[in-house]
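Input: a single structure, listed below in structure tokens.
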Amino acid sequence: MKFSDITRKQAFLSHLLISSCIFIVLSYLIVFHWYPEFYFFLDGGIRGIATIFFVDVVLGPGLTLLVFNPVKKSLKFDMAVILLLQVSALTWGVNSVYTEKPATAVFYWGKFACVAQNDASEISLQPIRTGPSGRQRLSILLRPDTVDERYDFTKEAFNHASAEIYYYGNKIVPLDETTVSRLDKYELDLEELRSVDASDAARVENFNSRSGTQSKAYRLIPLACRYGNAIAVYDPHKKRIIDTLAVNSNIRAAALDMPSMANVSVEIKVEEKPEND
């Protein structure tokens, strides 16, 4: 079949059909593999879908609808340029969405924090992927248990101008039966949450009242990702997050066994230079 035998509408619909099939395959990968469960809404899955939709479904078929004219002598060249442009844009979009996908959600200092794939070069991801949380890929940063050791731990990362979860990537391990007990040292402070945002606290209290005594079996842990915050309802027995409560606040759970590092006072002594005689 020659281009002269195809109408503008047929060319557009054919291009749209092919692009839609590609979009469906990539959407499946984004929703179920690259940005599964809570990552989809909180860590960029929606943006990933929007990016792929634009570069695949909108850009290519849209240019075909605009340019295609069966009587044009340069039609083959025009369509080759459109195809090259769409493939280049789609390659960029897929690479961007893939490299920015979440690698893990790390529990440290009273909350889960999402870490992107391109920031996880120091983390051993294979044990986390095969851990008990499955596609949620939950992990924990093994921090010291005493205030003094924790202060030195934090200070070293600070001296290297880095956050702890990036500087100590080799200390991040799967959140499994050997490490889950560390979550018992933290508790969501409803009073602090209420002072920050009363509607967020009301949402948590409503969950507790609906769950009744069963809510005591869960751990309510703040969850901070790139595009949103939530309170994760973590089940220590299933080793996974079974629900999330949408909140606006970016807070941490309070440590029960030691004071917060933010409350530790540090005395700075300045030695006076002796005056020259």
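Both backbone and side-chain heavy atoms feed into the values below; hydrogens, waters and symmetry mates do not. For the single chain, residues carry numbers from 1 onward in sequence order.
- Residues satisfying the ring pair (Phe, Tyr, Trp, His ring centres under 6.0 Å) criterion with Phe153, sequence neighbours excluded, are Tyr168.
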Checklist entry - Checking side chain to side chain contact (heavy atoms under 4.5 Å, CB included) for the pair Asp176/Thr179: CA distance, chi angles, key distance, verdict? => result CA-CA 6 Å; Asp176 54 21; Thr179 56; 3.4 Å; yes

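- Contact check for Glu37 versus Thr244: no side-chain heavy atoms found under the 4.5 Å cut-off.
- In this structure, Arg219 is not positioned above the aromatic face of Phe107 in the sense of NZ or CZ being under 6.0 Å from the six-membered ring centre and within 45° of the axis.
- For Gln86 and Asp56, the side-chain atoms include at least one donor-acceptor pair closer than 3.5 Å.
- Looking at Glu100 and Arg47, no side-chain N of the basic residue comes within less than 4.0 Å of a carboxylate O on the acidic one, giving no salt bridge.
- Between Tyr166 and Val115 the shortest side-chain heavy-atom distance falls below 4.5 Å.
- Atom OG in Ser124 sits 9.0 Å away from atom CZ in Arg129 (nearest 0.5 Å).
- Linking Ile, Leu, Val, Met, Phe, Trp and Tyr whenever their side-chain heavy atoms come within less than 4.5 Å puts Tyr167 and Ile172 in one cluster.
- For the pair Phe68/Ile6, a side-chain contact is recorded, criterion being any heavy-atom separation below 4.5 Å from C-beta on.
- Heavy-atom neighbours of Tyr227 OH from other residues, nucleotides or ligands within 6.0 Å: above the threshold of 12.
- Side-chain N or O atoms of Ser14 include none that pairs as donor or acceptor with a backbone N or O of Ala11 at under 3.5 Å.
- Linking Ile, Leu, Val, Met, Phe, Trp and Tyr whenever their side-chain heavy atoms come within less than 4.5 Å leaves Phe53 and Leu17 in two separate clusters.
- Across all their heavy atoms, Gly110 and Pro222 have their closest contact at O-CD, 3.5 Å.
- A donor-acceptor pair under 3.5 Å is absent between the side-chain atoms of Arg240 and the main chain of Asp235, judged by distance alone.
- Rounded to the nearest 0.5 angstrom, His15 NE2 and Met79 CE are separated by 6.5 Å.
- In the hydrophobic cluster analysis, where Ile, Leu, Val, Met, Phe, Trp and Tyr join through side-chain heavy atoms closer than 4.5 angstrom, Leu83 is grouped apart from Leu65.
- Using a distance-only test at 3.5 Å, with no hydrogens or angles considered, a donor-acceptor pair links the side chain of Tyr35 to the main chain of Lys101.
- Nearest heavy-atom pair, Ala232 versus Phe112, reported as atom, atom and distance to 0.1 Å: CB-CD1, 4.3 Å.
- Phe54 is linked by a ring pair (Phe, Tyr, Trp, His ring centres under 6.0 Å) to nothing, counting only residues two or more places apart in sequence or in another chain.
- No donor-acceptor distance shorter than 3.5 angstrom exists from the side chain of Arg8 to the backbone of Asn69, with no hydrogens or angles considered.
- Between the NE2 atom of His33 and the OH atom of Tyr28 there is a distance of 3.5 Å, given to the nearest 0.5 Å.
- Although no hydrogens or angles enter the test, the distance criterion places no donor-acceptor pair under 3.5 Å between the side chain of Arg137 and the main chain of Ile128.
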Just list the side-chain donor-acceptor pairs under 3.5 Å for residues 188-203, sequence neighbours left out, or say none.
| unit_1 | atom_1 | unit_2 | atom_2 | d |
| --- | --- | --- | --- | --- |
| Asp189 | OD1 | Glu191 | N | 3.1 |
| Asp189 | OD1 | Glu192 | N | 3.2 |
| Glu191 | OE1 | Arg194 | NH1 | 3.3 |
| Glu191 | OE2 | Arg194 | NH1 | 2.8 |
| Arg194 | NH2 | Glu205 | OE2 | 2.2 |
| Ser195 | OG | Glu192 | O | 2.6 |
| Asp197 | OD1 | Ser199 | N | 3.0 |
| Asp197 | OD1 | Ser199 | OG | 2.4 |
| Asp197 | OD1 | Asp200 | N | 3.3 |
| Asp200 | OD1 | Arg203 | NH1 | 3.0 |
| Asp200 | OD1 | Asn248 | N | 3.3 |
| Asp200 | OD2 | Asn248 | N | 3.0 |
| Asp200 | OD2 | Ser249 | N | 3.1 |
| Asp200 | OD2 | Ser249 | OG | 2.6 |
| Arg203 | NH1 | Ala246 | O | 2.6 |

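- Rounding to the nearest 0.5 angstrom, the gap separating the CD1 atom in Ile242 from the OH atom in Tyr234 is 11.0 Å.
- Thr7 is not listed as a side-chain neighbour of Phe12, based on a closest heavy-atom distance of 4.5 Å or more.
- Within the 3.5 Å criterion, the main-chain N or O of Trp92 finds no donor-acceptor partner in the side chain of Ser96.
- Side-chain contact between Ile241 and Ile221 is absent, with no heavy-atom pair separated by less than 4.5 Å.
- Contact of the Leu220 side chain with the Phe207 side chain is registered, since non-hydrogen atoms from C-beta on lie closer than 4.5 Å.
- Of all heavy-atom pairs spanning Lys111 and Ile251, the tightest one is CD-O, 3.9 Å.
- Here the closest heavy-atom approach between residue Tyr98 and residue Gln117 is recorded as O-CB, 4.3 Å.
- Shortest non-hydrogen contact noted between Ala224 and Asn250 is CB-OD1, 3.8 Å.
- Taking OG from Ser20 and CD1 from Ile18, the interatomic distance works out to 10.0 Å, rounded to the nearest 0.5 Å.
- In this structure, Thr154 contributes its side chain and Glu164 its backbone to no donor-acceptor pair below 3.5 Å.
- Remark: Lys155 NZ is loosely packed, at most 12 non-hydrogen atoms of other residues, nucleotides or ligands lying under 6.0 Å away.
- The structure places CG of Leu59 at 9.0 Å from OG1 of Thr64, a figure rounded to the nearest 0.5 Å.
- A donor-acceptor pair under 3.5 Å is formed between the side chain of Thr130 and the backbone N or O of Pro127.
- You'll find the side chain of Val97 stays beyond 4.5 Å of the side chain of Leu29, heavy atoms only.
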Next on the checklist: Please determine whether side chain to side chain contact (heavy atoms under 4.5 Å, CB included) holds for the pair Leu183 and Ile140, giving the CA-CA distance in whole Å, both sets of side-chain angles, and the decisive distance to 0.1 Å.
Outcome noted: CA-CA 9 Å; Leu183 272 61; Ile140 184 170; 4.2 Å; yes

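- Both Trp34 and Phe23 are assigned to one and the same hydrophobic cluster, defined by single-linkage of ILVMFWY side chains at heavy-atom distances under 4.5 Å.
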Checklist entry - Can you list the steps and then say if Leu26 with Leu90 is a side chain to side chain contact (heavy atoms under 4.5 Å, CB included)? => result CA-CA 11 Å; Leu26 292 174; Leu90 184 59; 4.0 Å; yes

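- When every heavy atom of Ala253 is checked against every heavy atom of Tyr186, the shortest pair comes out as O-CD2, 3.8 Å.
- A 4.5 Å side-chain heavy-atom check between Arg226 and Cys114 finds every atom pair outside the cut-off.
- No continuous path of ILVMFWY side-chain contacts below 4.5 Å connects Leu245 to Tyr39, so the two sit in separate hydrophobic clusters.
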